[in-house]
Structures are given as C-alpha cells and as structure tokens.
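Each remark here refers to the structure printed beneath this line.
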Amino acid sequence: MKIFTTLKIVIWISIMVFFIGCKNEIKFDSAEWNKNGVDWQITEHREKMVSDLIKSDTLIGLDKISVIEVLGKPEIETEKKLKYLVREKYEWNIDPEYIKYLWVILDENGIATQCYVEKTK
C-alpha cells in the first residue's frame with residue numbers, strides 16, 4: 001500500500017512538472033519579436049508571445065507607424081491591414097503543418113482597432 005501511495009505521488013509530481021515546464025505563452029517583448037536568427041526559432045517565440053500581445057491590447061490605439069515600430073516590417077501592408085508571420089510549423093514533410101499570421105486592422109485614420117490570429121493549413 002505504501003508503494004502504491006508513493007507511486008501516485010511521483011506520478012502526480014511528474015505531471016505537474018510537465019505542465020509547468022511546457023509553458024506555451026510568454027509575455028510579449030518587441031525586441032524578441034523582431035530578433036533575427038533561424039526562422040523556426042523566431043516563429044516559435046512569436047507564437048508563444050502572440051496571445052499576450054492580443055490580450056494586452058498593446059497595439060490597439062497605435063497608429064500604423066507605431067505598430068511597425070513595435071512589430072517590424074509586415075509581410076503585407078495595405079491602408080487597412082498589416083499582416084505578420086507568427087509561426088510556420090513543420091514536421092517531417094516539406095509542406096508546413098500550419099502557418100499562423102497576426103493581422104492588425106486599421107481604421108480610416110490608420111489607427112489599430114483590432115488584432116487577430118489566422119491559422120492556415
């Protein structure tokens with residue numbers, strides 16, 4: 001009985017360590033977002049930061065120039081939208097498993113009013 005109780009405690013602790021160690025979200029950091037390096041490392045960091053970026057409304061109310069100062073040059077830029085690569089995830093295939101983009105929507109004055117993530121396969 002004592003071995004069974006000890007085993008349950010070890011399993012419970014292992015599960016807790018796993019979930020604490022697998023933190024999928026980190027606080028948004030403009031310098032980290034704009035860091036240069038290997039593509040998969042950059043997009044992995046961006047994917048972990050994008051939830052915080054959206055939840056914190058960091059970009060809402062900023063003008064287009066300020067958004068670009070925070071996030072860098074977008075992949076696509078129009079008068080009403082900015083599109084940023086968040087994550088391009090690959091497994092064993094040459095085709096991506098999925099691609100995530102951050103869209104920043106601008107009003108008629110060029111002010112950010114909305115941000116959302118689009119995931120494609």
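Counting begins at 1 with the first residue of the sequence.
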Minimum-distance pair of heavy atoms, taken over all atoms of Thr78 and Leu106: O-CD1, 4.4 Å

Shortest non-hydrogen contact between Glu88 and Pro96, atoms and distance: CG-CB, 4.3 Å

On the six-membered ring of Tyr98, is Lys89 placed so that its NZ or CZ lies under 6.0 angstrom from the centre and within 45° of the ring axis?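 That pair does not qualify as a cation-pi contact.
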
Within a reach of under 6.0 Å around CD of Glu79, are more than 12 heavy atoms found that belong to other residues, nucleotides or ligands?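 Counting neighbours around CD of Glu79, 12 or fewer heavy atoms of other residues, nucleotides or ligands fall under 6.0 Å, so no.
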
Can you confirm whether more than 12 heavy atoms, excluding those of Lys80, are under 6.0 Å from its NZ atom? yes

Euclidean distance, [Y] [atom2] relative to [X] [atom1], rounded to 0.5 Å:
{"X": "Thr113", "Y": "Leu59", "atom1": "OG1", "atom2": "CG", "answer": "11.0 Å"}
{"X": "Ile76", "Y": "Lys83", "atom1": "CD1", "atom2": "NZ", "answer": "4.0 Å"}
{"X": "Leu62", "Y": "Ile65", "atom1": "CG", "atom2": "CD1", "answer": "11.5 Å"}
{"X": "Glu69", "Y": "Lys64", "atom1": "CD", "atom2": "NZ", "answer": "13.5 Å"}
{"X": "Glu44", "Y": "Lys48", "atom1": "CD", "atom2": "NZ", "answer": "4.5 Å"}
{"X": "Arg46", "Y": "Glu32", "atom1": "CZ", "atom2": "CD", "answer": "11.0 Å"}

Taking the side chain as everything from C-beta on, heavy atoms only, tell me whether [X] gets closer than 4.5 Å to [Y].
{"X": "Tyr101", "Y": "Val117", "answer": "no"}
{"X": "Glu118", "Y": "Trp103", "answer": "yes"}
{"X": "Glu47", "Y": "Lys100", "answer": "yes"}
{"X": "Leu53", "Y": "Cys115", "answer": "no"}
{"X": "Leu82", "Y": "Leu71", "answer": "no"}
{"X": "Ile68", "Y": "Glu77", "answer": "yes"}

In terms of relative ring orientation, are Trp33 and Tyr84 parallel, tilted or perpendicular, with 30° and 60° separating the classes? perpendicular

Are Leu85 and Tyr116 in one and the same hydrophobic cluster, where Ile, Leu, Val, Met, Phe, Trp and Tyr link if side-chain heavy atoms are under 4.5 Å apart? yes

Ile26 and His45: CA distance, side-chain angles, deciding distance, side-chain contact (heavy atoms from CB on, under 4.5 Å) verdict: CA-CA 8 Å; Ile26 57 177; His45 278 87; 4.3 Å; yes

Just by modelled atom types, is the Glu25 backbone N or O under 3.5 Å from a matching donor or acceptor in the Ser51 side chain?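 No: the side chain of Ser51 does not pair with the backbone of Glu25.
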
Strictly distance-based, threshold 3.5 Å: is any side-chain N or O of Asp52 a donor or acceptor partner for the main-chain N or O of Phe28?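 Yes; at least one donor-acceptor contact below 3.5 Å.
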
Might you work through the side-chain contact (heavy atoms from CB on, under 4.5 Å) test for Met49 and Asp29, ending with a clear yes or no? CA-CA 7 Å; Met49 285 189 266; Asp29 181 329; 4.2 Å; yes

So, applying side-chain contact (heavy atoms from CB on, under 4.5 Å) with Val67, which one of Ile60, Val104, Ile111 is it?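 Going through the options one by one, the only one that passes is Val104.
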
